[in-house]
Enquirer: 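One structure, pasted below without further comment.
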2 protein chains.
Amino acid sequence: MKKILIVEDDKDIANLISEALTSQGFKTYLVNSLAQAYSFLIQSLVDLVVLDLILPDGDGIELLKYLRFSSKFSNIPVVIVSARGAELDRVLGLELGADDYVVKPFSLRELVIRIKKILKNKDFPLSQVRVGPLLLDKEKKTIFLEDNPLNLTPTEYKILEVFMENPEKVFSRDELSNHIWALEREYYSRVLDAYICRLRDKLGEYGELIETVRGFGYRLKKPA
Amino acid sequence: MKKILIVEDDKDIANLISEALTSQGFKTYLVNSLAQAYSFLIQSLVDLVVLDLILPDGDGIELLKYLRFSSKFSNIPVVIVSARGAELDRVLGLELGADDYVVKPFSLRELVIRIKKILKNKDFPLSQVRVGPLLLDKEKKTIFLEDNPLNLTPTEYKILEVFMENPEKVFSRDELSNHIWALEREYYSRVLDAYICRLRDKLGEYGELIETVRGFGYRLKKPA
DNA sequence: CTCTTTTGTTAAAATTTTGTTAAATTTTTG
DNA sequence: CAAAAATTTAACAAAATTTTAACAAAAGAG
């Protein structure tokens with residue numbers, strides 16, 4: 001069940017939103033200030049945040065910024081719900097990475113539709129992804145290279161999976177590590193480099209599909 | 001390059017949208033009726049449709065339905081742009097599978113952001129900056145010169161990035177150094193000059209885009 | 001024009017980053 | 001529990017980048 005955090009200081013509005021979402025099968029959590037939002041997020045991962053901009057202890061935009069610049073939370077979708085409908089606000093919110101911006105008064109039904117749409121895009125359960133000669137089959141937990149299954153260890157598989165879901169994107173070692181191990185290492189480790197080396201090996205003549213971007217990290221090239 | 005079909009009978013609005021999108025690197029096609037839209041879509045696949053609802057030969061919703069129920073076109077994103085802002089219309093549009101619904105009058109900037117956001121879900125690089133013949137793609141950590149990727153070292157990349165984010169601005173060597181190395185050097189170094197030299201080299205005929213402001217520092221010219 | 005200062009240019013030294021591999025350690029499996 | 005597999009470490013090699021430093025060229029002042 002998808003978890004949604006509602007950050008809204010107006011009790012009535014918060015309850016309305018909450019009911020609308022609950023009736024659609026979401027689990028909701030209500031907080032009414034920035035401070036509460038921060039502490040809630042730290043201890044519990046949610047799937048989406050509904051964010052009011054005008055809060056008793058500050059501007060909701062701050063929370064949006066915080067989420068976007070955090071490596072851990074940067075991909076939690078945020079829907080802004082605000083009485084501030086000025087173009088400047090909308091543009092600012094969207095540019096900072098809000099996934100949608102709904103101006104009050106809005107219809108609950110519309111809000112729910114928009115939220116569903118966003119979450120649907122998120123976990124597009126497309127079970128097969130193709131990148132050049134590689135084919136990722138999530139059902140089978142197998143990656144094929146020109147129709148031959150690669151013999152990968154679990155971690156090797158995860159790394160290549162992340163790459164294939166984001167072809168062309170450059171991952172820093174940290175970013176990649178966070179995806180693979182879900183925890184930050186406090187010390188400097190070269191495990192990842194070792195894996196990249198072995199992956200290239202297993203990709204044989206296609207080894208150079210994994211490109212090192214010196215000073216930044218690695219990426220999976222998508223052949224033209 | 002992403003192709004966008006604009007279905008809009010008001011010439012002025014159509015042109016405005018078209019310009020805004022073109023300036024951001026999209027290729028646009030304009031049609032002013034449902035009939036034209038159908039025939040265009042059949043012969044040419046586009047990446048997204050901007051759809052006005054009120055058209056001379058019918059309701060844009062019909063086109064949306066057609067696209068959604070067609071197996072071939074069902075995953076082309078549709079953004080509705082309409083003067084009909086009533087909740088009923090919005091909900092109907094979104095429920096039929098429109099990816100966004102923008103009510104007139106709207107800001108072009110907002111429309112462009114929303115469109116980019118939708119296409120990004122389909123793996124479109126959102127973070128792009130264009131200055132003259134240069135294109136900075138942060139996602140790919142690559143700078144293109146007339147569509148050819150430049151082969152830059154990390155520091156060269158950073159310098160050009162700072163320039164591209166502040167075209168025309170004159171940077172003193174100190175200021176630039178602080179941006180690049182984040183620390184002040186206590187002794188006088190000419191590293192930066194060496195980098196500028198190599199950057200100009202790599203920019204080839206466009207080398208003089210990086211201009212020396214004698215006695216002050218450097219800047220990146222933005223051609224008219 | 002001549003001198004002085006600033007900037008351009010370049011090769012080589014110094015440093016940093018990445019590749020590679022084997023062995024040590026940990027985890028999983030039978 | 002033992003064997004196998006997988007992960008991690010650590011060390012050295014290779015490659016690329018950064019920095020220095022020296023000289024050349026250009027610009028400005030008088």
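Hydrogens, waters and symmetry mates play no part in the numbers below; they use all other heavy atoms, side chains included. Note that this is a predicted model, so its numbers are computed, not measured. In the text below, chain A, chain B and the rest are named by the order of the sequence lines, each starting its count at 1.
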Enquirer: Between P on D:dT19 and CD1 on B:I180, what's the gap in Å once rounded to a whole number?
Expert: 11 Å
Enquirer: Contact list please: residues 148-166 of chain B against DNA chain C, heavy atoms, distance less than 4.0 Å, in numerical order.
Expert: none
Enquirer: Relative to the ring of A:Y66, is the ring of A:Y38 parallel (under 30°), tilted (30 to 60°) or perpendicular (over 60°)?
Expert: perpendicular
Enquirer: Using atom CZ of A:F216 as one end and atom P of C:dT16 as the other, report the distance to the nearest whole Å.
Expert: 18 Å
Enquirer: Which nucleotide sits closest to the side chain of B:V191: D:dT8, D:dT20, C:dG8?
Expert: D:dT20
Enquirer: Check for a donor-acceptor pair, side chain of A:R214 on one end and backbone N or O of B:P154 on the other, with a separation under 3.5 Å.
Expert: no
Enquirer: Polar pairs (N or O, both sides) under 3.5 Å between protein and nucleotides 23-29 of chain C?
Expert:
none

Enquirer: Using the side-chain heavy atoms of A:D193, tell me which of these nucleotides is nearest: C:dT9, C:dT20, D:dG28.
Expert: C:dT20
Enquirer: Is a side-chain donor or acceptor of B:R68 paired with a backbone partner of B:G97 at a separation under 3.5 angstrom?
Expert: yes
Enquirer: Using the ring of A:F216 (Phe, Tyr or Trp, six-membered ring only), decide whether B:K141 places NZ or CZ under 6.0 Å from its centre and within 45 degrees of its axis.
Expert: yes
Enquirer: Please enumerate all residues that pass side chain to side chain donor-acceptor pair (under 3.5 Å) together with A:D59, with sequence neighbours excluded.
Expert: A:R84
Enquirer: Please report how far the helix from C:dC1-D:dG30 to C:dG30-D:dC1 bends, comparing the axis fitted to its first five pairs with the axis fitted to its last five, to the nearest 10 degrees.
Expert: 40°
Enquirer: For atom CZ of A:R109, is the number of surrounding heavy atoms from other residues, nucleotides or ligands below 6.0 Å larger than 12?
Expert: no
Enquirer: Rounded to whole angstrom units, what separation is found between the CG atom of B:L192 and the P atom of C:dG8?
Expert: 10 Å
Enquirer: Could you state the interatomic distance from CZ (B:F144) to CG (B:L135), rounded to the nearest 0.5 Å?
Expert: 6.5 Å
Enquirer: Identify which nucleotide among C:dT7, C:dT18, D:dT9 has an atom closest to any side-chain atom of A:Y218, counting heavy atoms from C-beta outward.
Expert: C:dT18
Enquirer: Between B:T155 and B:R198, do the side chains contain a donor N or O and an acceptor N or O under 3.5 Å apart?
Expert: no
Enquirer: Suppose the criterion is salt bridge (charged side-chain N to carboxylate O under 4.0 Å, His left out): which pairs have a residue in residues 146-163 of chain B, not counting sequence neighbours?
Expert: B:E156-B:K202
Enquirer: Do any N or O atoms from the side chain of A:D57 and from the backbone of A:A35 form a donor-acceptor pair under 3.5 angstrom?
Expert: yes
Enquirer: Just the rounded figure in Å: distance from P of C:dT18 to CZ of A:R190.
Expert: 8 Å
Enquirer: Could you tell me whether the side chains of B:N15 and B:E19 share a donor-acceptor contact shorter than 3.5 Å?
Expert: no
Enquirer: Can A:R114 and B:D100 be counted as an ion pair, charged N to O under 4.0 angstrom?
Expert: yes
Enquirer: Any residue in residues 194-204 of chain B with a heavy atom nearer than 4.0 angstrom to DNA chain C? Just list them by number, or reply none.
Expert: B:A194, B:C197, B:R200
Enquirer: Does a side-chain N or O from B:T212 land closer than 4.0 Å to OP1 or OP2 of C:dG8, or not?
Expert: yes
Enquirer: Looking at D:dT19, D:dT8, C:dT7, which one has an atom nearest to any side-chain atom of A:W181?
Expert: D:dT8
Enquirer: So does B:K222 pair up with B:E168, basic N to acidic O under 4.0 Å?
Expert: no
Enquirer: Is the centre of the B:Y218 ring less than 6.0 Å from the centre of the B:F163 ring?
Expert: no
